[in-house]
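For clarity, every value in this text was computed on a predicted model and none was experimentally measured. Numbers restart at 1 for each chain; the letters A, B, ... are given by sequence-line order, proteins then strands.
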There are 2 protein chains.
Amino acid sequence: MPATDPRPDTPANPGAPAPDTAAPYTATPDTTDPGAPATPTRPHTGRRRNEAAHQAILDAALRLLATSDGTPVTIDAIARTAGVGKQTVYRWWPSKGAVLLDALTDRADQDVPGADTGTLRSDLRAFVATTFDGAQRGPTAPALRTLVREAARDPHLADLMQSFTATRRTALRELLARGRERGELAEDTDLDLVVDQVYGVFWYRFLLGHAPLDGTVADRLTRSLLDGNGR
Amino acid sequence: MPATDPRPDTPANPGAPAPDTAAPYTATPDTTDPGAPATPTRPHTGRRRNEAAHQAILDAALRLLATSDGTPVTIDAIARTAGVGKQTVYRWWPSKGAVLLDALTDRADQDVPGADTGTLRSDLRAFVATTFDGAQRGPTAPALRTLVREAARDPHLADLMQSFTATRRTALRELLARGRERGELAEDTDLDLVVDQVYGVFWYRFLLGHAPLDGTVADRLTRSLLDGNGR
DNA sequence: GGTTGTCGAGACTGTTAGTCTTGTCAAGGG
DNA sequence: CCCTTGACAAGACTAACAGTCTCGACAACC
């Protein structure tokens, strides 16, 4: 995504054919440039960026990320799988982590569930359930787990991930603030703590995998947050 | 608890070169184990283990762990700091992670707060506050953070850490079960979920450091868990 | 004195992130 | 038509680091 892409001109052409294997993608496919670039700051000299290679790298990264059994994904493997030189990867991304995160966000549905269903309880329940579900569907789960593992050692990636997750944290916080304004939460509720209870449980179970993260748990967590467990 | 180092001159314990001290993972220096492990098959020949080196390694590891600014602690650095050969480290610990965890647990007060103060609320409050406090006092915090970062890439260490934390998880669960039997928790309470809410928040905030983990938060979390936030 | 096993020191292997080099190829500009 | 510019694949290279292996010395016991 643009956040990690140092290039000023984004082709904005997401419908790339997405080569499935290590096919060398025929370096003469495009482009005649559909539509003039938005800001032609400079007439641009030299060979143009190979968009097919760009996508091939992201695809390869995501595929490796998804099938990695816990072992770290290497840049060499990504480049080889994409049929691309290593330098081509480093020309467009500053670090391995940036490639990985970009690969994940390139495909992950970016819909942050913040719908207003009328009551805090159902809003919260939906948010939690969607979060739990979304992280475990498709190739997302192993990819995300690998990504976090990499982030533990790569401060650059850790930063990127934090701003990535901040979006969702904010959405949840606003959902809660809405409920508090409606009087569905005690006025002295520490919203940040509630947010951290949700995401704390989520990441804790997601990463350790010692307990489920399903609809039942989403229900119980919602109830616990709103009603407590005492009596 | 550590050391005990009976001077080698008086082998009250004839064989078994020192796995009786702090060494849960038992590097098994010799013996090829298929025989009876408890009985010393041989009266021990050869030079004895240098207990000073053992402690020097643990001390060096803890010091590096505590002063590490996020960068991983290397075995070379530990050995050099301890004035010890690298092989001496690997003779007694199976991996870097094992050394690090041992260094931490060697010093960390192992008191798991499970005292029965009479009411679930105060038990829980004390447990949470002690957990929050204990992790942030002294050299523990940076060491623990580094350890988790290492564990993210080292499955062996991840295992060790999981059994290390299991003790505390169990203590908390029993504390909750006691309260439930007393009727202070709803009978259908999902104890594991409550445990994960506590430790989820703890680790989440501890590792990300985006929000405090102090007495006030401990109070609020306890209240949230027991009474909920809704109204 | 002989055997055994530890010691410090450090060379060595294998892996990986990231850089640099080389020869090539596409897109302009003159 | 050639020349400059910059992307490209391939792969050599550097720098870390975990973990292994070897060596000569040394200590404890027979």
Asker: Rounded to whole angstroms, how far apart are CG on D154(B) and C1' on dC17(D)?
Answerer: 13 Å
Asker: With a distance cut-off below 6.0 Å to the six-membered ring centre and an angular limit of 45° from the axis, does R145(A) pair with F206(A) as a cation-pi contact?
Answerer: yes
Asker: If you assign each of G97(A) and V84(B) to its closest nucleotide in DNA chain C, which residue comes earlier from the 5' end?
Answerer: V84(B)
Asker: Rounded off to whole Å, could you give me the CD-to-P distance for the Q87(A) and dA12(D) pair?
Answerer: 15 Å
Asker: For D154(A), which residues count as a side-chain hydrogen bond (donor to acceptor under 3.5 Å, both in side chains) partner, sequence neighbours excluded?
Answerer: none
Asker: For S68(A), enumerate each residue passing the side-chain hydrogen bond (donor to acceptor under 3.5 Å, both in side chains) test, keeping only those at least two apart in sequence or located in another chain.
Answerer: T146(A)
Asker: From the options dA17(C), dC7(C), dG11(D), select the nucleotide whose nearest atom is closest to the side chain of T88(B).
Answerer: dC7(C)
Asker: Could you tell me the separation between the NE2 atom of H156(B) and the C1' atom of dG19(D), rounded to a whole number of Å?
Answerer: 13 Å
Asker: Can you label the angle between the H54(A) ring and the W93(A) ring as parallel, tilted or perpendicular, going by 30° and 60°?
Answerer: parallel
Asker: If you pin G46(A) and A82(B) to their nearest nucleotides in DNA chain C, which one's is more 5'?
Answerer: A82(B)
Asker: Just N and O in the side chain of R91(A): are any of them under 4.0 Å from OP1 or OP2 of dC8(D)?
Answerer: yes
Asker: How close or far is atom P of dG18(C) from atom CZ of R153(A), stated in whole angstroms?
Answerer: 13 Å
Asker: To the side chain of K86(B), which of dG28(C), dG10(C), dG18(C) is closest?
Answerer: dG10(C)
Asker: Return the stems involving DNA chain D, sorted by first number, where pairs are Watson-Crick (N1-N3 with N6-O4 or O6-N4) or G-U wobble (N1-O2 and O6-N3), both under 3.5 Å, and runs are 3 or more long.
Answerer: C:1-30 with D:1-30
Asker: Would you mind telling me which of dG19(D), dG28(C), dT22(D) lies closest to the side-chain atoms of R48(A)?
Answerer: dG28(C)
Asker: Got a sec, which residues hit side-chain hydrogen bond (donor to acceptor under 3.5 Å, both in side chains) with D59(B), two or more places apart in sequence or on another chain?
Answerer: R107(B)
Asker: Between dT4(C) and R47(B), is there an OP1 or OP2 to side-chain N/O distance shorter than 4.0 Å?
Answerer: no
Asker: Looking at W92(A), I'd like to know whether one of its side-chain N or O atoms comes within less than 4.0 Å of OP1 or OP2 on dC8(D).
Answerer: yes
Asker: How would you list all residue pairs meeting side chain to side chain donor-acceptor pair (under 3.5 Å) that involve residues 206-218 of chain B, not counting sequence neighbours?
Answerer: D196(A)-H210(B)
Asker: Would you please name every residue forming a side-chain hydrogen bond (donor to acceptor under 3.5 Å, both in side chains) with E150(A), sequence neighbours left out?
Answerer: K96(A)
Asker: With sequence neighbours excluded, what pairs up with R220(B) under the salt bridge (charged side-chain N to carboxylate O under 4.0 Å, His left out) test?
Answerer: D190(A)
Asker: Distance-only criterion, 3.5 Å: show the donor-acceptor pairs between side-chain atoms of residues 70-86 of chain B and protein atoms not counting sequence neighbours.
Answerer:
from	atom 1	to	atom 2	distance (Å)
T71(B)	OG1	D69(B)	OD1	2.8
T74(B)	OG1	A77(B)	N	3.0
T81(B)	OG1	A77(B)	O	2.6

Asker: Among residues 71-80 of chain B, which residues get a heavy atom nearer than 4.0 Å to DNA chain D?
Answerer: V73(B), T74(B), I75(B)
